[in-house]
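Quick notes on the structure that follows.
Residue numbers start at 1 and run along the sequence shown.
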Amino acid sequence: MAGQGLFMTGWAVCARIFPTHIGIYSFLMKHSPLSDFFKVMMLVLLGLSSCKKNPARPDSETGELAVSMDHGVSTTSGANSTTFSPLVLNVNTYKNANGDDFTVSTFKYYISNVKLLKADNSTYSVPDSYFLVDHSTPASQKLKLLGIPAGDYTGIAFTMGVDSVRTKAGGFTGVLNANNGMFWDMNGPEFINMKLEGRSPQSPTTGLVFHIAGHKGAANNTIRTVALPFGAAQLPVRANHWPEVYLQVDVAKLFTGPNTTMPSQPFLNPVDFSTVYNKMSGPAVAKLADNVAAGMFSVARIDSN
């Protein structure tokens with residue numbers, strides 16, 4: 001009778017704590033050949049198994065995001081009103097900061113070594129992040145970053161161009177393939193980090209050729225790092241939604257920027273197409289790369305999605 005009482009007491013306790021298992025309890029009471037002690041233990045184990053908590057989100061959770069490049073040309077009127085006009089190849093005529101007219105037939109550049117920044121100053125480096133952005137290929141203007149650790153990011157940084165370490169490594173495939181028209185080996189393997197070609201009536205040849213290339217020697221290095229904070233906004237990366245960063249890429253900023261205090265400058269900003277119209281290497285191209293880093297890229301908006 002003592003065992004029977006122990007069993008009844010255990011059953012009652014379990015029924016109160018785990019009411020969803022009452023049917024199982026009743027079945028065991030009536031039909032199980034087990035001893036009362038083992039019946040009680042089975043009821044307790046059943047109840048405990050029903051109390052497992054949902055697993056927490058694993059630290060390894062990842063998401064993805066997109067970075068969209070919006071190409072255009074800014075112009076500033078006399079009233080200091082700036083407009084940003086979409087880039088249309090071979091059709092639209094624009095003005096640079098010097099007042100020279102120009103059209104664009106080719107605009108392409110490399111983005112590499114993408115990093116995402118956090119408020120605590122930590123960074124996540126996106127592995128193997130090399131992209132060739134070509135205005136004539138709309139799909140190339142959206143960079144997809146996969147396998148990003150979940151978190152809230154406060155900025156983005158990247159290299160304009162292809163870093164020298166990757167250049168020296170060789171084995172160029174995909175977007176780094178020489179057939180993409182962004183590679184030369186006149187002085188050994190080097191990438192054209194940014195290419196702009198077009199026309200201007202102010203150019204002595206009516207043509208414009210700007211190939212920002214080279215990394216050998218400080219005076220000729222055209223690889224630049226761009227860091228863009230998101231300001232008050234944050235970029236939430238999660239497994240269940242896909243945020244997007246929209247960057248404004250202002251072609252006009254290639255032709256204007258700060259003038260440094262170096263004793264001998266290849267030219268003075270803003271660029272005058274009557275004297276600076278065909279540059280493919282050397283200090284002049286390095287100064288154009290400085291212009292790019294100083295203001296060509298900016299954050300237009302963030303869609304958290």
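Contact between Pro236 and Ser304 at its shortest, heavy atoms only, is CD-OG, 3.7 Å. In terms of heavy atoms, Ser164 sits closest to His215 at CB-CD2, 3.5 Å. Smallest separation of non-hydrogen atoms from Ser129 and Val114: OG-N, 2.9 Å. The minimum heavy-atom distance linking Ala286 with Asn221 is given by the pair CB-O, 3.8 Å. Residues Ser68 and Lys142 share a closest heavy-atom pair of OG-CE, 3.4 Å. Minimum heavy-atom separation, Gly99 to Lys95: O-NZ, 3.6 Å.
Linking Ile, Leu, Val, Met, Phe, Trp and Tyr residues whenever their side-chain heavy atoms come within less than 4.5 Å places Ile111 and Tyr124 in a single cluster. One hydrophobic cluster, built from ILVMFWY side chains closer than 4.5 Å, cannot hold both Met280 and Val292; they sit in different ones. Linking ILVMFWY side-chain heavy atoms closer than 4.5 Å, directly or via other members, places Phe107 and Met160 in a single hydrophobic cluster. Hydrophobic clustering (side-chain heavy atoms under 4.5 Å, transitive across Ile, Leu, Val, Met, Phe, Trp, Tyr) groups Met69 together with Tyr94. Linking ILVMFWY residues whenever their side-chain heavy atoms come closer than 4.5 Å, directly or via other members, leaves Met296 and Val162 in distinct clusters.
Leu247 contributes atom CG, which lies 9.5 Å from atom CG of Asp70 (distance to the nearest 0.5 angstrom). Rounded to the nearest 0.5 Å, atoms CZ (Phe191) and CG (Asp185) are 11.0 Å apart. The distance from atom CG of Asn269 to atom CG of Asp272, rounded to the nearest 0.5 Å, is 11.5 Å. Atom CG of Leu143 sits about 11.0 Å away from atom OG of Ser112, to the nearest 0.5 Å. Taking OH from Tyr277 and CG from Asp100, the interatomic distance works out to 13.5 Å, rounded to the nearest 0.5 Å. Atom-to-atom distance recorded for Leu288:CG and Lys253:NZ is 15.0 Å, nearest 0.5 angstrom.
Side-chain contact of Asp250 with Ser74: a donor-acceptor pair under 3.5 Å is present, judged by distance alone. Between the side chains of Thr93 and Thr103, no donor N or O sits under 3.5 Å from an acceptor N or O.
Distance alone, capped at 3.5 Å, places no donor-acceptor pair between the Glu190 side chain and the Ala213 backbone. No donor-acceptor distance shorter than 3.5 angstrom exists from the side chain of Thr137 to the backbone of Ala139, with no hydrogens or angles considered. A donor-acceptor pair is defined here as one N or O able to donate and one able to accept, closer than 3.5 Å; no such pair exists between the side chain of Glu197 and the backbone of Leu208. In this structure, the side chain of His135 does not engage the main chain of Ser105 through any donor-acceptor pair within 3.5 Å. Side-chain atoms of Ser140 come within 3.5 Å of backbone N or O of Asp134 as a donor-acceptor pair. Side-chain N or O atoms of Lys195 include one that pairs as donor or acceptor with a backbone N or O of Gly181 at under 3.5 Å. With Asn92 contributing its side chain and Leu87 its backbone, the two residues share no donor-acceptor pair below 3.5 Å. Thr206 places no side-chain N or O within donor-acceptor distance of the main-chain N or O of Ser203, the cut-off being under 3.5 Å. One N or O on the side chain of Asn180 and one on the backbone of Val175 form a donor-acceptor pair closer than 3.5 Å.
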Fill in: Working for side-chain hydrogen bond (donor to acceptor under 3.5 Å, both in side chains), residues Asn96 and Asn98
CA-CA 5 Å; Asn96 68 4; Asn98 195 56; 5.0 Å; no
Practice prompt. Check the pair Phe172, Phe183 against ring-ring contact (aromatic ring centres under 6.0 Å, His included), reporting the backbone distance first and the verdict last.
Written response: CA-CA 10 Å; Phe172 305 124; Phe183 182 84; 5.4 Å; yes
Practice prompt. Check the pair Val285 / Lys287 against side-chain contact (heavy atoms from CB on, under 4.5 Å), numbers first and verdict last.
Written response: CA-CA 5 Å; Val285 172; Lys287 182 163 184 174; over 6 Å; no
Worksheet item: Where do Leu254 and Leu196 land on the side-chain contact (heavy atoms from CB on, under 4.5 Å) test, with the steps shown first?
Response: CA-CA 9 Å; Leu254 177 62; Leu196 183 142; 4.2 Å; yes
Discussion item. One pair to check against side-chain contact (heavy atoms from CB on, under 4.5 Å): Asp303 and Tyr246. What are the steps and the verdict?
Written reply: CA-CA 8 Å; Asp303 287 349; Tyr246 292 84; 3.3 Å; yes
Discussion item. If you apply the rule side-chain contact (heavy atoms from CB on, under 4.5 Å), what do you find for Lys144 with Val67, and how did you get there?
Written reply: CA-CA 7 Å; Lys144 295 182 180 180; Val67 181; over 6 Å; no
Discussion item. Between Tyr110 and Tyr130, is the ring-ring contact (aromatic ring centres under 6.0 Å, His included) condition met? List the steps.
Written reply: CA-CA 7 Å; Tyr110 279 109; Tyr130 293 89; 8.2 Å; no
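A salt bridge links Arg238 to Asp152: one of the charged nitrogens lies within less than 4.0 Å of a carboxylate oxygen. Using a cutoff of 4.0 Å between basic side-chain nitrogens and carboxylate oxygens, Asp290 and Arg224 are scored as salt-bridged. Using a 4.0 Å cut-off between a side-chain N of Lys or Arg and a carboxylate O of Asp or Glu, Glu244 and Arg301 do not qualify as a salt bridge.
A side-chain hydrogen bond (donor to acceptor under 3.5 Å, both in side chains) with Asn193 is found for one member of Asp163, Thr159, Thr222 and no other, namely Thr222.
Contact check for Leu65 versus Leu235: side-chain heavy atoms found under the 4.5 Å cut-off.
Using cut-offs of 30° and 60° on the angle between ring planes, the pair Phe255 and Phe102 is perpendicular.
Counting heavy atoms of neighbouring residues, nucleotides and ligands inside a 6.0 Å radius, atom CG of Asn121 does not exceed 12 of them. By the 6.0 Å contact criterion, NZ on Lys115 is open, its count of non-hydrogen atoms from other residues, nucleotides or ligands being 12 or less.
A ring-centre distance under 6.0 Å is found for Phe297 and Phe158. The aromatic ring centroids of Tyr153 and Phe230 lie 6.0 Å or more from each other. The six-membered or imidazole ring of Tyr109 lies near that of His71, with a centre-to-centre distance under 6.0 Å.
By the 6.0 Å and 45° rule, Lys279 does not stack over the aromatic ring of Phe210.
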